[in-house]
Trainee: 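If you scroll down you'll find the structure; I have some questions about it.
Just so it is clear: chains get the letters A, B, ... in the order the sequence lines come, proteins before strands, and each one is counted from 1.
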Protein chains: 2
Amino acid sequence: MPRRKSPTVYDVAEHAGVSIATVSRVLRSPEKVTVSTRERVLAAVQDLRYVPNASARGLAGRRTGVLGLLIPGHDISTASRRPVDASGTIEFLDDHHDSHGGPFRNRYFEQLVHGAEAATWDAGYGLLIAAGSSVSRDMVVRDLTGRVDGLAVIARTLPDELITRAADSVPLVLVAGRLPGTTDSVSVDNRGGMSALTEYVLRVKPPGPTLYLAGSVDSPDAVERELGFRDALAAHPGPWHTAAADFSWQGGHEAALEQLRSGPPGAVIGANDQSALGALAALRVAGVRVPEECVVTGFDGIDESRYSHPPLTTVRQPMADLGIHAVEALLSRIADPGAEPRDLRLAVDVLLRQSSELSAPTD
Amino acid sequence: MPRRKSPTVYDVAEHAGVSIATVSRVLRSPEKVTVSTRERVLAAVQDLRYVPNASARGLAGRRTGVLGLLIPGHDISTASRRPVDASGTIEFLDDHHDSHGGPFRNRYFEQLVHGAEAATWDAGYGLLIAAGSSVSRDMVVRDLTGRVDGLAVIARTLPDELITRAADSVPLVLVAGRLPGTTDSVSVDNRGGMSALTEYVLRVKPPGPTLYLAGSVDSPDAVERELGFRDALAAHPGPWHTAAADFSWQGGHEAALEQLRSGPPGAVIGANDQSALGALAALRVAGVRVPEECVVTGFDGIDESRYSHPPLTTVRQPMADLGIHAVEALLSRIADPGAEPRDLRLAVDVLLRQSSELSAPTD
DNA sequence: CTGAAAGCGCTTACAG
DNA sequence: CTGAAAGCGCTTACAG
């Protein structure tokens, strides 16, 4: 437990026999102070276990030294659900169904936070994280705005209008989305990724038409990915169909069944993993061997894609890098508030797994 | 981009024709202000888009309004690895091996952060998160200390001595570990969980001795879990062995092979999931059917436990609740700095999966 | 219920 | 290189 009242610059100054200005200098720009006095001050800091007060520093320095990260909301009720000090009251849960998972069906969030966290502290800042709970998005934004020097917002956690408004009072970067001309952004090369993946598929796939499982029409990601698909098709023409799968397992499943009626496809390319997994299940039931008779691929790299039968080749967004670049974009913006908004595009990775590899290793 | 200099209480006061004290009151304790003036002030706040400066508030109010969460470090290099604005430079990665994952092999971190985040904002605080990168643990702690009103530290991210020292200058709660008599803590009922699980196993298991895969001797978790195992054994005697598996896949694998030489076990109870999964693999190769001939269980609830063949029955720590309770403990401590250190124990859940269920549903 | 004033603990020109 | 002093934008007794 904290004992005594914390020491201040005044205490340190007195202890070292200097003025508070000198104490401050030793801490902020040591090169401006003689070695001998610097050492005396540092010793006093040690002796008193002095820790600078961040609020005072922030107020005087006109910067908080903190960056904010706004991530999608969640459903966690903070009314605690686990009994406390209740040894023996263990609950047995049937976990055969996909019971948990929450809003994050993959490790993206974790990686993003890690990337942002590392970059933030490297730069000498702190990272404040907030999840826009649907109720109080507006309040959280207001609150954050007053606490940070810059704010990274994950796409779709906030309505565009709120983002624009927030960007008016604090440096802001949009992550995994864009608002061209309005704010800085860092997003991923959806189009290039899908194009590269499709080219690869067209090269290795067995005979048969290619089925593209299109995503939701209102999603920018879906639009970009489909453009990538068509880019590749233009370069490697061949028979193909598109079916609306709406990013869902069900959608992919039905689209595959429909396709199977007119003969088995040689490849199924999903706009995301969920729809590809739905198609995979349909093919399996229909007795179509993957990848020998049909190659299947997804996009996103959700956990399930690693554990399906066979594991799904997919495209992964570099989430840690998104976090890192978001922070860097914020720092640039803070350094040069007047610069033109910039949109950064990060390259993606293709994860090759057995659903596309005819000579895949077996483990 | 942020345009003009932000408005202050003075601007709002002038705009509303009141003093700054009244503005402050409207924001902090509205009930102390007449409805009519309150509305006038609120209108001014709206008009000017006033956002309180957190640093000034923190300095004047002697609280930062921020809680800190220190999580385990990571290896993410912030020297960015993904090419930027490089459409087409997609990398193809062989993902047949367990190539990624990092320090968090499960979703614990994510859930913990979510729980802590929700509870923190619910209480009107912000959440500052930091990962102790090995280099600068000491600095990060110092830095955090000055920025927050309370600090939650995940067990094993910091040497005990550093924790004790930090606890001296800021309210601190240890999460998933204990330092009895020194700091508040929130941890999990390892002993009760293992005891409940073991009792269940002893009840449903087929004939044959029970093999317990013990964890690392220097781990408090291992000690507690083994005590739980023995508690259950005392109540349901029967043949059993213990083997050191050191929390590792390899350790569990070898222990199972060794056991198989003297005959197949009727149950294998791992002190953690990794070792249980190692044993599971050994049993599978040896042709022992799980769960028909041998029941297998783990502890932790890592991702892999859901996707093994068969899926592994295990004990899950309620990470979100750990986060929530950690925050609550911090808030109590802040409210009553003089109280005795408290150690909270949360109950765990047993996740029943096919590795222990003889009549398990098939999907 | 409202206002004047002190003070929170720093940083940073400005002199010397 | 060092110090005196102003000021950062709030909150909070204290009067009235």
Trainee: May I ask you to list the residues of residues 15-23 of chain A, by number, that have any heavy atom positioned under 4.0 Å from an atom of DNA chain D?
Mentor: A/V18, A/S19, A/A21, A/T22
Trainee: My understanding is that only residues two or more places apart in sequence, or in another chain, count here; which of them pass salt bridge (Lys or Arg N to Asp or Glu O under 4.0 Å) with B/R57?
Mentor: none
Trainee: Can you give me the first and the last nucleotide of DNA chain C (5' to 3') that has an atom within less than 4.0 angstrom of a non-hydrogen atom in chain A?
Mentor: C/dG9 to C/dA13
Trainee: Starting from the 5' end of DNA chain D, give me the residue, B/R25 or B/S55, whose nearest nucleotide shows up first.
Mentor: B/S55
Trainee: Could you list by number each residue of residues 33-47 of chain A showing a heavy-atom separation from DNA chain D of less than 4.0 Å, or answer none if no residue does?
Mentor: A/V33, A/T34, A/T37
Trainee: Fill in the dot-bracket string of DNA chain D, one character per base: . for unpaired, | for a pair to another strand, ( ) or [ ] for pairs within the strand, taking Watson-Crick or G-U pairs under 3.5 Å.
Mentor: |||.||||||||.|||
Trainee: Can you name the residues that form a side-chain hydrogen bond (donor to acceptor under 3.5 Å, both in side chains) with B/S185, not counting sequence neighbours?
Mentor: B/D343
Trainee: For residues 37-47 of chain B, which residue pairs qualify under salt bridge (Lys or Arg N to Asp or Glu O under 4.0 Å), counting only residues two or more places apart or in two chains?
Mentor: none
Trainee: Can you list everything that forms a side-chain hydrogen bond (donor to acceptor under 3.5 Å, both in side chains) with B/T64? Sequence neighbours excluded, please.
Mentor: B/D149
Trainee: Using salt bridge (Lys or Arg N to Asp or Glu O under 4.0 Å) as the criterion, list what pairs up with A/D11, not counting sequence neighbours.
Mentor: none
Trainee: For A/E161, give me all partners under salt bridge (Lys or Arg N to Asp or Glu O under 4.0 Å), at least two apart in sequence or on another chain.
Mentor: A/R165
Trainee: Under the rule for salt bridge (Lys or Arg N to Asp or Glu O under 4.0 Å), what residues qualify as partners of A/D143, not counting sequence neighbours?
Mentor: A/R147
Trainee: Partners of A/P159 by side-chain contact (heavy atoms from CB on, under 4.5 Å), sequence neighbours excluded?
Mentor: A/R137, A/L162
